[in-house]
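Residue numbers count from 1 along this sequence. Read the numbers this way: they start at 1 and go in the same order the structure lists the ligands and their atoms. Every heavy atom of this structure was used, including side-chain atoms; hydrogens, water molecules and symmetry mates were not.
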Amino acid sequence: MSALKNKRILLGVTGSIAAYKACEIIRLLRKSGAEVQAVMTKSATEFVGPTTFSALTGKEVLTDMFIDPPPPGEIHLHIAENVDIIVVAPATANILAKTAQGIADDLLSTVLLVSDVPLLFAPAMHHNMWQNRATQTNMDTLKKHGRILIQPDYGSLANLATGEGRMAEPAVVVSKIREILGIPQDFHGKRVLVTAGPTREPIDTVRFISNRSSGKMGFALAQAAIDRGAEVTLITGPVYLKSPEMCSVVTVETAEDMNRAVRKISTQQDFIIMAAAVGDFALPSPQKSKIKLPNHTLTLKLQSTPDILKGLRSISDAFIVGFALETEDGEKNALKKMKEKRLDAIVLNYANQPGTGFETDTNEGTLFLRGEKKGIHLPLESKMKMAHRILTEVKKVAAKEPMKS
Ligand code: CTP
């Protein structure tokens with residue numbers, strides 16, 4: 001589940017050519033499970049129509065303080081009290097000035113004045129307006145009042161002039177929203193490859209060899225990395241899970257397919273987390289029709305699949321994390337795998353303990369990190385919580401030592 005799931009976000013849109021970028025912000029937020037209520041100023045509606053915003057948010061767009069017939073209660077109070085954060089994107093010089101001076105002369109400015117949730121502004125304007133001393137003074141005032149501002153970008157402006165004043169990109173605004181809502185953005189700018197699920201090795205056209213992996217641990221890791229700002233690729237075997245949003249998903253079937261998919265992009269990654277339960281054996285040449293069983297027995301000749309993880313160190317500088325699913329001698333086996341596969345970290349978990357391993361929503365294990373003598377106990381908790389803990393610990397070690405070259 002995305003960390004923005006069920007978060008209530010009020011998006012104020014003001015009159016700037018960058019209003020079209022607010023559409024993408026809504027799309028990204030809603031894909032992450034957030035609820036978005038749009039409030040537009042009159043001049044914003046000159047740039048993008050309210051119909052677009054109501055279609056994107058799935059809610060009526062609010063533009064007026066005085067609605068006919070009047071709704072019960074006070075509309076500005078009702079809106080302000082029922083959100084986790086207010087984001088104004090794009091924010092014109094006018095709304096910045098009004099908020100800094102405490103002016104409330106329309107619905108959005110009134111909501112901003114009455115609200116006590118975090119306020120985030122993404123300014124957008126001509127560079128002369130941005131550099132104007134009045135705007136800069138208003139910015140200082142807003143900062144002093146604890147408002148959060150995203151610096152506009154330098155680049156080509158609406159009239160093709162170049163300067164500082166372009167609204168920050170929607171992904172940057174969303175990343176800032178996550179950070180304000182308490183989700184660390186420590187993987188921002190990092191590329192993370194996660195593998196998940198089982199692989200299937202065909203026997204014939206209808207049968208296959210596989211394992212009980214549900215993919216839940218790998219999907220939780222991918223979602224946690226997305227929530228923390230990473231650019232994530234998820235390579236998954238056949239699973240029955242909804243793919244996370246805001247990541248690139250590659251579906252594969254066999255160990256050989258997964259090997260090819262992983263190797264293709266492994267050199268471009270900062271982190272590789274192999275949570276997939278890759279099948280160890282496959283038929284060298286599966287039959288192209290359905291096998292008939294005349295004698296009630298069937299002997300299959302299997303050969304080992306490529307060890308994807310083992311082959312990665314020689315081609316990738318990424319921080320590589322493996323998983324070890326054990327039934328006995330866990331620590332000994334996990335450390336052996338970590339050494340033999342030349343990993344930076346390995347997560348030991350058990351297939352034969354209640355609440356851990358395959359198919360469950362929870363997991364428990366031990367994380368071994370390179371350079372650390374003792375493993376870190378990962379207590380029995382949801383796979384999502386465990387995923388976040390793994391990322392936190394891995395990031396600490398990766399930050400200490402630069403990636404291998
Ligand atoms: N792995 C892999 N390629 C394989 C088999 C495993 O990349 N062909 C990876 C898994 O994704 C996991 C790690 O290696 O991160 C350990 O997998 P595991 O199944 O625990 O161990 P194996 O290496 O398969 O050894 P064994 O089955 O003997 O325990």
Looking only at protein heavy atoms, identify the closest one to atom 7 (O) of ligand 1 and say how far it is in Å.
->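 Looking at atom 7 (O) of ligand 1, the protein heavy atom closest to it is Leu309 N, 2.9 Å.
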**Asked** Quick one: nearest non-hydrogen protein atom to atom 17 (O) of ligand 1, plus distance?
**Response**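 Of the protein heavy atoms, Phe323 O, 3.6 Å lies nearest.
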* **Polar proximity ligand 1 side, Ala277 side, N/O cut 3.5 Å exclusive** => no
Nearest option to [atom], as decided by whichever heavy atom of [options] sits closest:
atom	options	answer
atom 14 (O) of ligand 1	Met274, Lys341, Glu256	Lys341
atom 3 (N) of ligand 1	Ile308, Asn333, Ile320	Ile308
atom 29 (O) of ligand 1	Glu326, Lys337, Glu340, Met338	Lys337
atom 5 (C) of ligand 1	Asn349, Asp280, Thr305	Asp280

Would you say [X] touches ligand 1, if touching means a heavy atom closer than 4.0 Å?
X	result
Pro306	yes
Ala255	no
Lys310	no

Per side chain to side chain contact (heavy atoms under 4.5 Å, CB included), Asp204 is matched among Gln287, Lys292, Lys288 by Gln287
Among Thr45, Val36, Val61, exactly one meets side chain to side chain contact (heavy atoms under 4.5 Å, CB included) together with Phe53. Which residue is that?
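That would be Val61; it is the only one of Thr45, Val36, Val61 passing the side chain to side chain contact (heavy atoms under 4.5 Å, CB included) with Phe53.
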So CE of Met40 and OG of Ser54: to nearest 0.5 Å the spacing works out to 9.5 Å
Atom CD1 of Ile320 and atom NZ of Lys341: how far apart are they, to the nearest 0.5 Å?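 Answer rounded to 0.5 Å: 11.5 Å.
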Considering the heavy atoms of [X], write down every atom of ligand 1 situated less than 4.0 Å from one of them.
X	value
Gly322	15 (O)
Asp307	2 (C), 3 (N), 4 (C), 7 (O), 8 (N)
Leu325	20 (O)
Ala276	10 (C), 11 (O)
Ala324	20 (O)

So Thr135 and Asn132, side chain to side chain donor-acceptor pair (under 3.5 Å) or not? Walk me through it. CA-CA 5 Å; Thr135 306; Asn132 187 295; 4.7 Å; no
(message) One pair to check against side-chain contact (heavy atoms from CB on, under 4.5 Å): Thr14 and Asn94. What are the steps and the verdict?
(response) CA-CA 9 Å; Thr14 63; Asn94 185 45; over 6 Å; no
CG (Leu149) with more than 12 external heavy atoms under 6.0 Å: yes
* To do: For atom CD of Glu60, decide whether the heavy atoms of other residues, nucleotides or ligands shown that lie under 6.0 angstrom number more than 12.
  =>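 No - once you tally the heavy atoms of other residues, nucleotides and ligands closer than 6.0 Å, there are 12 at most.
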Tested for salt bridge (charged side-chain N to carboxylate O under 4.0 Å, His left out) against Glu326, the lone hit among Lys336, Lys332, Lys337 is Lys337
Carefully, step by step, assess Glu201 and Thr199 under the rule side chain to side chain donor-acceptor pair (under 3.5 Å).
CA-CA 7 Å; Glu201 310 306 331; Thr199 58; 3.0 Å; yes
query = Can you find a protein heavy atom closer to atom 24 (O) of ligand 1 than 4.0 Å?
reply =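 It does; a protein heavy atom is within 4.0 Å.
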Under-4.0 Å protein heavy-atom contact, atom 19 (O) of ligand 1: no
List the steps and the verdict of side chain to side chain donor-acceptor pair (under 3.5 Å) for Asp140 and Thr137. CA-CA 5 Å; Asp140 291 342; Thr137 307; 5.5 Å; no
